[in-house]
Amino acid sequence: MIKPDQKFPGVFWIQIGRKKRNLATKNLVPGFRSYDERVVRVKGEEYRIWSPERSKPAAAIIKGLKYFPIRPGIKILYLGIASGTTASHFSDIVGKEGIIFGIEVAERVVRELIDVSAARKNIVPILASARSPESYINIVSMVDVVYADVAQPDQVDILIKNCKVYLKDGGYAMIAVKASSIDVTKPPKEVYKMAERQIRGAGYEIIQTVELAPFDRKHAIIVARS
Ligand SMILES: C[S@@+](CC[C@H](N)C(=O)[O-])C[C@H]1O[C@@H](n2cnc3c(N)ncnc32)[C@H](O)[C@@H]1O
């Protein structure tokens with residue numbers, strides 16, 4: 001049993017055995033696994049299970065995200081793409097018409113990402129620090145969504161700096177906030193409020209904040225619009 005999500009194009013729900021609601025994306029590169037994800041075939045199509053334990057946007061969708069800005073055909077600037085676990089599902093959703101510019105500072109991780117991007121032609125791996133958006137100005141174009149998952153104390157600053165350079169008018173900023181990276185002494189809810197205030201102060205409208213527990217404790221996803 002497979003059903004497309006009613007609100008989010010490119011996102012599917014699959015029933016496997018007794019577990020009715022497994023999130024999935026349709027594999028852009030059938031036969032290629034991007035990490036150790038579970039793959040299921042339905043009516044000749046291949047779907048990749050998108051686990052909320054492995055990927056924060058998947059957890060946010062399961063926790064009731066109202067608007068998911070990742071859509072077919074869009075351009076994304078992804079800060080902290082790592083080896084491409086979450087990005088591989090974004091890559092399935094944006095499809096061949098879309099593109100993901102992936103910024104990652106750790107060389108070892110970029111090497112793993114290159115294996116993924118060799119198969120997924122819509123991912124452009126860029127070894128750089130997201131703290132210096134000007135360093136990739138010759139590669140990255142204006143985008144529809146900036147997504148940040150860098151787990152750094154200045155993660156909100158990093159998001160805003162990049163949005164100022166690369167986000168189109170009317171585009172979306174999305175951040176996976178790791179509360180303990182910003183302030184371990186404050187309750188996570190307070191840290192999310194601080195992050196919201198900072199994003200609002202930079203001129204963006206907060207659409208929603210979704211806490212990711214029990215999948216990812218002390219993390220939330222904030223979606224904002226420019
Ligand atoms: C939580 S992991 C990202 C996981 C990934 N987004 C996923 O869901 O598959 C955070 C990543 O951000 C990277 N990172 C940290 N600081 C960064 C910076 N200044 N610029 C770019 N990447 C950075 C780390 O090396 C790490 O790979």
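Keep in mind that this is a model prediction, so the values were computed, not measured. Order of appearance sets the numbers: ligands from 1, and atoms from 1 within every ligand.
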Worksheet item: Mind checking whether Phe68 and Trp50 have parallel, tilted or perpendicular rings, split at 30° and 60°?
Response: tilted

Discussion item. Testing Val146, Val124, Ile100 one by one against Leu77 for a side chain to side chain contact (heavy atoms under 4.5 Å, CB included), which residue passes?
Written reply: Val146

Item to complete: May I ask you to check whether Arg54 has an N/O atom sitting below 3.5 Å from an N/O atom of ligand 1?
Response: no

Worksheet item: Of all the atoms in ligand 1, which lie at a distance below 4.0 Å from a heavy atom belonging to Ala82?
Response: 3 (C), 4 (C), 5 (C), 27 (O)

Worksheet item: What are the atoms of ligand 1, with element, lying closer than 4.0 Å to any heavy atom of Gln152?
Response: 15 (C), 16 (N)

Discussion item. Would Ser55 count as a contact residue for ligand 1, given that I'm defining contact as a non-hydrogen atom of the residue lying under 4.0 Å from a ligand atom?
Written reply: no

Worksheet item: Applying a strict 4.0 Å limit to heavy atoms, is Ala128 in contact with ligand 1?
Response: yes

Discussion item. Under the criterion side-chain hydrogen bond (donor to acceptor under 3.5 Å, both in side chains), I'd like the reasoning laid out for Arg21 against Gln15: C-alpha separation, chi angles, the key distance, then a yes or no.
Written reply: CA-CA 6 Å; Arg21 285 171 64 76; Gln15 180 175 348; over 6 Å; no

Worksheet item: Closest non-hydrogen protein atom to atom 9 (O) of ligand 1, residue and atom name please, with distance?
Response: Thr86 N, 3.2 Å

Practice prompt. Please check if the distance between the ring centroids of Tyr78 and Phe90 is under 6.0 Å.
Written response: yes

Worksheet item: For Ala130 and ligand 1, does the shortest N/O to N/O distance drop below 3.5 Å?
Response: yes

Worksheet item: Going by heavy atoms, is Leu79 under 4.0 Å from ligand 1?
Response: no

Worksheet item: Can you list the atoms of ligand 1 that are under 4.0 Å from a heavy atom of Arg131?
Response: 19 (N)

Worksheet item: What atoms of ligand 1 come closer than 4.0 angstrom to any heavy atom of Ala106?
Response: 25 (O)

Worksheet item: Taking both backbone and side-chain atoms of Asp149, is any N or O found less than 3.5 Å from an N or O belonging to ligand 1?
Response: yes

Practice prompt. Using distance alone, determine whether Lys56 and ligand 1 share an N or O pair under 3.5 Å.
Written response: no

Worksheet, complete the sentence: For Thr85, the atoms of ligand 1 under 4.0 Å from one of its heavy atoms are 9 (O)

Item to complete: Please check if the side chain of Glu97 supplies one atom and the backbone of Ile74 the other of a donor-acceptor pair under 3.5 Å.
Response: no

Worksheet item: Between Lys193 and Glu190, does at least one N-O distance fall below 4.0 Å, as a salt bridge requires?
Response: no

Worksheet item: Among Tyr204, Tyr67, Tyr172, whose side chain to side chain donor-acceptor pair (under 3.5 Å) with Arg225 holds?
Response: Tyr172

Discussion item. Going by salt bridge (Lys or Arg N to Asp or Glu O under 4.0 Å), Glu211 matches just one of Arg217, Lys218, Lys63, Lys189. Which one?
Written reply: Lys189

Worksheet item: With a 6.0 Å cut-off on ring centres, are His89 and Tyr35 close enough?
Response: yes

Worksheet, complete the sentence: Ranking Gln155, Arg108, Glu104 by closest non-hydrogen atom to atom 27 (O) of ligand 1, top hit is Glu104

